[in-house]
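What follows is a set of notes on a single structure, which appears directly below.
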Amino acid sequence: MPELPEVEVLARHLRPLVKNKTIRAVEVRRARVIRPTSERTLKNTLTGAELISLERRGKYLIFKLHKPGRREPVKLLGHLGMTGRMFLAPKNAALPKHAAVVLDLGRERFVFEDTRYFGRFTLDVSSLAKLGPEPLSKEFSAKHLARELAKSRQPIKVKLLDQSLVAGVGNIYASEALFRARISPLSPANKLTSAQNLRLVKTIRQVLAEAIRFGSTVPLNHGQTGDSDGLFYFGRAEGAPDYYEERLKVYDRAGRSCRRCGHAIKRIVQAARSTFYCPRCQPRLRLSA
DNA sequence: CACCATGTTCCTTG
DNA sequence: CCAAGGAACATGGT
(Lines give C-alpha, C1' and ligand atoms only; values in the text may rest on other atoms or scores of the structure.)
Protein backbone atom coordinates (compact mmCIF):
# COMPACT_ATOMS: atom_id res chain seq x y z
CA MET A 1 0.00 0.00 0.00
CA PRO A 2 2.64 2.43 0.55
CA GLU A 3 3.62 5.63 -1.08
CA LEU A 4 3.22 8.98 0.57
CA PRO A 5 -0.52 9.38 -0.04
CA GLU A 6 -1.38 5.96 1.33
CA VAL A 7 0.73 6.56 4.41
CA GLU A 8 -0.79 10.01 4.92
CA VAL A 9 -4.31 8.64 4.69
CA LEU A 10 -3.38 5.88 7.11
CA ALA A 11 -1.92 8.40 9.56
CA ARG A 12 -5.11 10.46 9.46
CA HIS A 13 -7.15 7.36 10.04
CA LEU A 14 -5.07 5.98 12.91
CA ARG A 15 -4.31 9.23 14.72
CA PRO A 16 -7.59 9.63 16.59
CA LEU A 17 -7.80 5.89 17.20
CA VAL A 18 -4.48 5.54 18.98
CA LYS A 19 -4.25 8.90 20.69
CA ASN A 20 -4.02 8.66 24.47
CA LYS A 21 -4.07 4.88 24.40
CA THR A 22 -1.68 3.04 26.66
CA ILE A 23 0.24 0.00 25.49
CA ARG A 24 -0.36 -2.84 27.92
CA ALA A 25 1.69 -5.47 26.18
CA VAL A 26 3.73 -6.04 23.04
CA GLU A 27 3.82 -9.20 20.98
CA VAL A 28 6.55 -9.57 18.38
CA ARG A 29 5.68 -12.35 15.98
CA ARG A 30 8.31 -11.61 13.37
CA ALA A 31 11.50 -10.17 14.78
CA ARG A 32 12.81 -9.09 11.39
CA VAL A 33 10.51 -6.06 11.26
CA ILE A 34 11.77 -4.53 14.51
CA ARG A 35 15.47 -4.68 13.71
CA PRO A 36 17.88 -3.42 14.76
CA THR A 37 15.88 -3.05 17.97
CA SER A 38 15.81 -6.19 20.07
CA GLU A 39 12.59 -7.77 21.18
CA ARG A 40 13.47 -7.21 24.80
CA THR A 41 14.20 -3.53 24.28
CA LEU A 42 11.02 -2.97 22.30
CA LYS A 43 8.90 -4.60 24.98
CA ASN A 44 10.62 -2.81 27.84
CA THR A 45 10.29 0.53 26.11
CA LEU A 46 6.73 0.30 24.83
CA THR A 47 5.00 -1.49 27.66
CA GLY A 48 3.26 1.07 29.84
CA ALA A 49 3.86 3.90 27.36
CA GLU A 50 1.08 6.20 26.21
CA LEU A 51 0.61 7.19 22.58
CA ILE A 52 0.84 10.93 22.32
CA SER A 53 0.99 11.73 18.63
CA LEU A 54 1.32 10.27 15.18
CA GLU A 55 3.07 12.01 12.31
CA ARG A 56 4.09 11.10 8.79
CA ARG A 57 7.45 11.83 7.18
CA GLY A 58 7.92 10.57 3.63
CA LYS A 59 6.61 7.02 3.73
CA TYR A 60 7.32 6.67 7.45
CA LEU A 61 4.95 6.92 10.38
CA ILE A 62 6.37 8.37 13.59
CA PHE A 63 4.58 7.43 16.78
CA LYS A 64 5.53 9.52 19.80
CA LEU A 65 4.91 8.01 23.18
CA HIS A 66 5.22 9.05 26.77
CA LYS A 67 6.92 6.49 28.93
CA PRO A 68 6.37 7.11 32.64
CA GLY A 69 9.64 8.01 34.27
CA ARG A 70 11.18 9.26 31.08
CA ARG A 71 11.55 12.88 30.28
CA GLU A 72 12.03 12.58 26.53
CA PRO A 73 9.28 11.14 24.35
CA VAL A 74 9.90 7.72 22.85
CA LYS A 75 9.83 7.59 19.06
CA LEU A 76 8.61 4.54 17.24
CA LEU A 77 9.13 4.36 13.50
CA GLY A 78 6.75 2.48 11.23
CA HIS A 79 7.18 1.68 7.56
CA LEU A 80 4.82 -0.42 5.48
CA GLY A 81 7.38 -1.79 3.06
CA MET A 82 5.55 -3.19 0.06
CA THR A 83 2.67 -4.98 1.73
CA GLY A 84 2.31 -3.62 5.24
CA ARG A 85 -0.92 -2.58 6.94
CA MET A 86 -1.79 -1.21 10.34
CA PHE A 87 -5.18 -1.31 11.94
CA LEU A 88 -7.04 -1.62 15.20
CA ALA A 89 -9.10 -4.70 15.85
CA PRO A 90 -11.22 -6.06 18.64
CA LYS A 91 -9.35 -8.29 21.01
CA ASN A 92 -11.23 -11.42 20.10
CA ALA A 93 -10.71 -10.99 16.36
CA ALA A 94 -8.40 -13.50 14.71
CA LEU A 95 -4.98 -12.19 13.73
CA PRO A 96 -4.01 -12.22 10.07
CA LYS A 97 -1.52 -14.83 8.99
CA HIS A 98 1.31 -12.36 8.67
CA ALA A 99 0.74 -10.25 11.77
CA ALA A 100 4.24 -9.07 12.64
CA VAL A 101 3.71 -6.96 15.76
CA VAL A 102 0.63 -6.71 17.96
CA LEU A 103 0.11 -4.05 20.64
CA ASP A 104 -2.37 -4.68 23.40
CA LEU A 105 -4.22 -1.41 23.95
CA GLY A 106 -6.67 -2.71 26.50
CA ARG A 107 -10.03 -2.96 24.85
CA GLU A 108 -8.52 -3.47 21.40
CA ARG A 109 -5.33 -4.35 19.63
CA PHE A 110 -3.15 -2.47 17.25
CA VAL A 111 -1.92 -4.80 14.51
CA PHE A 112 0.99 -4.33 12.14
CA GLU A 113 0.78 -7.00 9.52
CA ASP A 114 3.03 -7.38 6.53
CA THR A 115 2.89 -10.27 4.12
CA ARG A 116 6.40 -9.87 2.79
CA TYR A 117 7.92 -8.49 5.98
CA PHE A 118 9.76 -5.71 4.19
CA GLY A 119 8.25 -3.16 6.57
CA ARG A 120 9.58 -1.80 9.85
CA PHE A 121 8.31 -1.20 13.35
CA THR A 122 11.34 -0.07 15.27
CA LEU A 123 12.88 2.30 17.78
CA ASP A 124 15.68 3.05 15.33
CA VAL A 125 14.79 6.37 13.73
CA SER A 126 18.07 6.89 11.88
CA SER A 127 16.39 6.47 8.49
CA LEU A 128 14.63 9.80 8.94
CA ALA A 129 17.88 11.72 8.76
CA LYS A 130 18.47 10.62 5.19
CA LEU A 131 15.19 11.93 3.84
CA GLY A 132 14.90 14.85 1.47
CA PRO A 133 12.18 17.51 1.76
CA GLU A 134 8.49 16.77 1.99
CA PRO A 135 7.09 17.13 -1.51
CA LEU A 136 4.09 19.13 -0.31
CA SER A 137 6.23 21.62 1.60
CA LYS A 138 7.80 24.82 0.33
CA GLU A 139 11.26 23.30 0.83
CA PHE A 140 10.55 21.17 -2.20
CA SER A 141 11.07 23.73 -4.95
CA ALA A 142 12.25 23.86 -8.55
CA LYS A 143 15.43 25.35 -7.20
CA HIS A 144 15.98 22.41 -4.88
CA LEU A 145 15.25 19.96 -7.69
CA ALA A 146 17.59 21.70 -10.10
CA ARG A 147 20.39 21.79 -7.59
CA GLU A 148 20.06 18.09 -6.76
CA LEU A 149 19.44 16.85 -10.28
CA ALA A 150 22.48 18.66 -11.63
CA LYS A 151 24.65 16.17 -9.77
CA SER A 152 23.25 13.10 -11.47
CA ARG A 153 23.12 11.53 -14.89
CA GLN A 154 20.69 8.86 -13.78
CA PRO A 155 17.36 8.71 -15.60
CA ILE A 156 14.91 11.11 -13.95
CA LYS A 157 12.48 8.31 -13.09
CA VAL A 158 15.17 6.51 -11.13
CA LYS A 159 16.12 9.72 -9.31
CA LEU A 160 12.54 10.33 -8.24
CA LEU A 161 12.65 7.10 -6.24
CA ASP A 162 15.66 8.43 -4.31
CA GLN A 163 14.20 9.38 -0.93
CA SER A 164 17.02 11.82 -0.26
CA LEU A 165 15.94 13.88 -3.27
CA VAL A 166 12.32 14.12 -2.18
CA ALA A 167 10.62 11.98 0.45
CA GLY A 168 7.62 9.85 -0.35
CA VAL A 169 7.49 9.43 -4.12
CA GLY A 170 7.37 5.76 -5.09
CA ASN A 171 7.12 3.71 -8.24
CA ILE A 172 3.51 4.49 -9.10
CA TYR A 173 3.54 8.24 -8.57
CA ALA A 174 6.94 8.69 -10.20
CA SER A 175 5.50 7.45 -13.50
CA GLU A 176 2.33 9.45 -12.98
CA ALA A 177 4.11 12.72 -12.23
CA LEU A 178 6.39 12.37 -15.26
CA PHE A 179 3.44 11.70 -17.54
CA ARG A 180 1.64 14.79 -16.33
CA ALA A 181 4.81 16.87 -16.74
CA ARG A 182 5.34 15.34 -20.18
CA ILE A 183 8.90 14.39 -19.37
CA SER A 184 10.48 11.17 -20.58
CA PRO A 185 11.41 8.86 -17.71
CA LEU A 186 14.63 8.21 -19.61
CA SER A 187 15.83 11.81 -19.52
CA PRO A 188 19.10 12.16 -17.65
CA ALA A 189 18.39 14.05 -14.43
CA ASN A 190 20.93 16.75 -15.18
CA LYS A 191 19.44 17.38 -18.62
CA LEU A 192 16.06 18.65 -17.52
CA THR A 193 15.39 22.26 -18.46
CA SER A 194 14.35 24.71 -15.77
CA ALA A 195 10.86 24.72 -17.25
CA GLN A 196 10.76 20.96 -16.86
CA ASN A 197 11.97 21.15 -13.28
CA LEU A 198 9.22 23.57 -12.49
CA ARG A 199 6.58 21.41 -14.15
CA LEU A 200 7.83 18.35 -12.35
CA VAL A 201 7.58 19.99 -8.94
CA LYS A 202 4.03 20.95 -9.76
CA THR A 203 2.93 17.57 -11.06
CA ILE A 204 4.52 15.68 -8.18
CA ARG A 205 2.58 17.85 -5.76
CA GLN A 206 -0.57 17.57 -7.80
CA VAL A 207 -0.49 13.80 -8.14
CA LEU A 208 0.21 13.22 -4.44
CA ALA A 209 -2.32 15.76 -3.24
CA GLU A 210 -4.99 14.31 -5.49
CA ALA A 211 -4.34 10.81 -4.21
CA ILE A 212 -4.58 11.98 -0.60
CA ARG A 213 -7.81 13.78 -1.36
CA PHE A 214 -9.23 10.72 -3.02
CA GLY A 215 -8.05 8.37 -0.33
CA SER A 216 -9.46 10.54 2.38
CA THR A 217 -12.90 10.48 0.81
CA VAL A 218 -13.12 6.75 0.60
CA PRO A 219 -14.67 5.26 3.70
CA LEU A 220 -11.93 3.36 5.42
CA ASN A 221 -12.58 -0.05 6.79
CA HIS A 222 -9.69 -1.79 8.43
CA GLY A 223 -11.09 -5.22 8.99
CA GLN A 224 -8.78 -8.09 8.41
CA THR A 225 -10.31 -10.23 5.74
CA GLY A 226 -12.21 -9.75 2.56
CA ASP A 227 -11.41 -7.70 -0.46
CA SER A 228 -11.99 -4.11 0.38
CA ASP A 229 -10.60 -3.95 3.88
CA GLY A 230 -7.68 -1.75 4.62
CA LEU A 231 -7.13 -0.99 0.97
CA PHE A 232 -7.80 2.56 0.04
CA TYR A 233 -6.53 2.42 -3.48
CA PHE A 234 -6.26 -1.10 -4.66
CA GLY A 235 -9.43 -2.44 -3.34
CA ARG A 236 -12.61 -0.89 -4.43
CA ALA A 237 -15.03 0.26 -1.83
CA GLU A 238 -18.56 -0.48 -2.96
CA GLY A 239 -19.91 2.21 -5.15
CA ALA A 240 -16.73 4.20 -4.96
CA PRO A 241 -14.82 4.96 -8.14
CA ASP A 242 -11.78 2.82 -8.59
CA TYR A 243 -8.68 4.91 -8.21
CA TYR A 244 -6.53 2.48 -10.08
CA GLU A 245 -8.81 2.58 -13.10
CA GLU A 246 -9.78 6.18 -13.19
CA ARG A 247 -7.03 8.24 -11.68
CA LEU A 248 -3.82 6.58 -12.75
CA LYS A 249 -3.03 7.58 -16.31
CA VAL A 250 -0.05 5.41 -17.16
CA TYR A 251 0.87 3.10 -14.29
CA ASP A 252 0.15 -0.54 -15.14
CA ARG A 253 -1.39 0.45 -18.48
CA ALA A 254 1.20 -1.07 -20.83
CA GLY A 255 -0.21 -1.63 -24.30
CA ARG A 256 -3.37 0.33 -23.58
CA SER A 257 -4.00 3.64 -25.23
CA CYS A 258 -2.84 6.92 -23.79
CA ARG A 259 -5.72 8.87 -22.30
CA ARG A 260 -4.28 12.03 -23.82
CA CYS A 261 -3.18 11.06 -27.34
CA GLY A 262 -4.21 7.48 -27.92
CA HIS A 263 -0.71 6.14 -28.49
CA ALA A 264 0.16 2.84 -26.81
CA ILE A 265 1.55 3.14 -23.28
CA LYS A 266 4.96 1.56 -22.98
CA ARG A 267 6.50 -0.40 -20.14
CA ILE A 268 10.24 -0.38 -19.62
CA VAL A 269 12.44 -1.53 -16.74
CA GLN A 270 14.66 0.94 -14.92
CA ALA A 271 16.66 0.06 -11.83
CA ALA A 272 14.77 -3.24 -11.76
CA ARG A 273 11.39 -1.47 -11.47
CA SER A 274 8.67 -1.06 -14.05
CA THR A 275 8.22 2.36 -15.59
CA PHE A 276 5.17 3.26 -17.67
CA TYR A 277 4.97 6.19 -20.03
CA CYS A 278 3.57 7.49 -23.29
CA PRO A 279 6.39 7.75 -25.86
CA ARG A 280 4.44 10.37 -27.80
CA CYS A 281 3.47 12.64 -24.90
CA GLN A 282 6.82 12.13 -23.20
CA PRO A 283 9.34 12.31 -26.02
CA ARG A 284 12.87 11.29 -25.30
CA LEU A 285 14.45 14.00 -27.40
CA ARG A 286 13.24 17.51 -27.58
CA LEU A 287 12.50 18.67 -31.08
CA SER A 288 14.98 21.32 -31.98
CA ALA A 289 13.71 24.47 -33.60
C1' DC B 1 7.72 -23.41 -13.69
C1' DA B 2 8.03 -18.36 -15.09
C1' DC B 3 7.43 -13.62 -14.11
C1' DC B 4 5.48 -9.84 -11.59
C1' DA B 5 4.50 -6.84 -7.28
C1' DT B 6 3.15 0.11 -3.87
C1' DG B 7 10.47 -0.47 -0.93
C1' DT B 8 14.93 -0.11 1.22
C1' DT B 9 19.54 -1.57 2.20
C1' DC B 10 23.75 -3.71 1.43
C1' DC B 11 27.56 -4.97 -1.53
C1' DT B 12 30.31 -4.43 -5.46
C1' DT B 13 32.27 -2.01 -9.28
C1' DG B 14 34.16 1.82 -11.57
C1' DC C 1 34.98 9.67 -1.15
C1' DC C 2 31.14 9.13 -4.65
C1' DA C 3 27.82 7.47 -8.29
C1' DA C 4 25.56 3.73 -10.15
C1' DG C 5 23.99 -1.03 -10.72
C1' DG C 6 22.40 -5.24 -8.96
C1' DA C 7 21.17 -8.57 -5.51
C1' DA C 8 18.86 -9.58 -1.40
C1' DC C 9 15.02 -9.65 1.60
C1' DA C 10 9.93 -12.87 1.55
C1' DT C 11 5.38 -14.11 0.08
C1' DG C 12 1.74 -14.45 -3.01
C1' DG C 13 -0.84 -13.67 -7.48
C1' DT C 14 -1.33 -14.75 -12.30
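Reminder, nothing fancy here: chain letters follow the sequence lines and each chain counts from 1.
Distances shown here put every side-chain N or O of A:Tyr117 at or beyond 4.0 Å from the OP1 or OP2 atom of C:dC9. Checking the phosphate oxygens (OP1, OP2) of B:dG7, no side-chain nitrogen or oxygen of A:Gln163 falls inside 4.0 Å. Close to B:dT8, at under 4.0 Å from its OP1 or OP2, lies a side-chain N or O of A:His79. Distances shown here put a side-chain N or O of A:Gln154 below 4.0 Å from the OP1 or OP2 atom of C:dG5. Between A:Arg116 and C:dG12 there is no side-chain polar atom (N or O) within less than 4.0 angstrom of OP1 or OP2. Between A:Arg120 and the phosphate of B:dT9, there is no side-chain N or O to OP1/OP2 separation shorter than 4.0 Å.
Two residues, A:Ser127 and A:Thr83, neighbour DNA chain B, and the one matched to the more 5' nucleotide by heavy-atom proximity is A:Thr83. For A:Lys151 and A:Ala272, each mapped to the nucleotide of DNA chain C holding its nearest heavy atom, the one lying further toward the 5' end belongs to A:Lys151.
Here A:Glu176 does not pair with A:Lys249 in a salt bridge; the nearest charged N to carboxylate O distance is not below 4.0 Å. Taking 4.0 Å as the cut-off between side-chain N and carboxylate O, A:Lys91 and A:Asp104 count as a salt-bridged pair.
Side-chain atoms of A:Arg205 come within 3.5 Å of backbone N or O of A:Phe140 as a donor-acceptor pair. No donor-acceptor pair closer than 3.5 Å links the side chain of A:Glu3 to the backbone N or O of A:Gly168.
Between A:Glu113 atom CD and C:dA10 atom P there is a gap of 17 Å when expressed in whole angstrom units. Per the geometry, CG belonging to A:Asp114 stands 18 Å off P belonging to B:dA5, to the nearest Å. In this structure, CZ of A:Arg57 is placed 17 Å from P of B:dG7, rounded to the nearest angstrom. In this structure, A:Gln270 places its CD atom 17 Å from C1' of B:dA5, rounding to the nearest Å. Atom OH in A:Tyr173 sits roughly 16 Å away from atom P in B:dA5 (whole-Å rounding). Rounded to whole angstrom, the span from the CG atom of A:Asp252 across to the C1' atom of B:dT6 amounts to 11 Å. One interatomic measurement links the two molecules: CZ of A:Arg85 to P of B:dT6, which rounds to 17 Å at whole-angstrom precision. The distance between atom CG of A:Asp162 and atom P of C:dA3, rounded to the nearest whole Å, is 10 Å.
Proximity note for A:Thr115 (side chain, C-beta onward) versus C:dG5, C:dG12, B:dT8: the nearest is C:dG12. In this structure, the nucleotide among C:dA10, B:dC4, B:dT6 sitting nearest to the side chain of A:Arg267 is B:dC4. If you check B:dT8, B:dT6, C:dT11 against the side chain of A:Tyr60, the one that comes closest is B:dT8. Nearest to the side-chain atoms of A:His98 among the listed nucleotides C:dT11, B:dT8, B:dT6 stands C:dT11.
When Watson-Crick and G-U wobble pairs are counted only if both distances are under 3.5 Å, C:dA8 pairs with B:dT8.
Looking at heavy-atom distances under 4.0 Å, A:Phe118 makes contact with a base. As judged by a 4.0 angstrom heavy-atom cut-off over every strand, A:Lys59 is placed among residues touching the sugar-phosphate backbone only. Nucleic acid contact class of A:Arg30 (heavy atoms, under 4.0 Å, all strands): sugar-phosphate only. Residue contacts shown for A:Lys97 are limited to sugar-phosphate atoms, with no base heavy atom under 4.0 Å away.
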Salt bridge (Lys or Arg N to Asp or Glu O under 4.0 Å) between A:Arg29 and A:Glu27, intermediate numbers included: CA-CA 6 Å; A:Arg29 314 179 112 233; A:Glu27 184 188 1; 3.1 Å; yes

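At a cut-off of 3.5 Å, with distance as the only test, a side-chain donor of A:Lys157 or A:Asn171 sits close to an acceptor on the other residue.
Comparing the P positions of C:dG6 and B:dC4 gives an interatomic distance of 15 Å, to the nearest angstrom. For the C1' atoms, the distance from C:dG12 to B:dT9 is 23 Å, rounded to whole Å. Spacing between C:dA7 and B:dC3 at atom P, rounded to whole Å, works out to 13 Å.
Taking CZ of A:Phe110 as the reference point, atom CG of A:Leu88 lies at 7.0 Å (rounded to 0.5 Å).
Side-chain atoms of A:Arg153 stay outside donor-acceptor range of the base of C:dA3, with no qualifying N/O pair under 3.5 Å.
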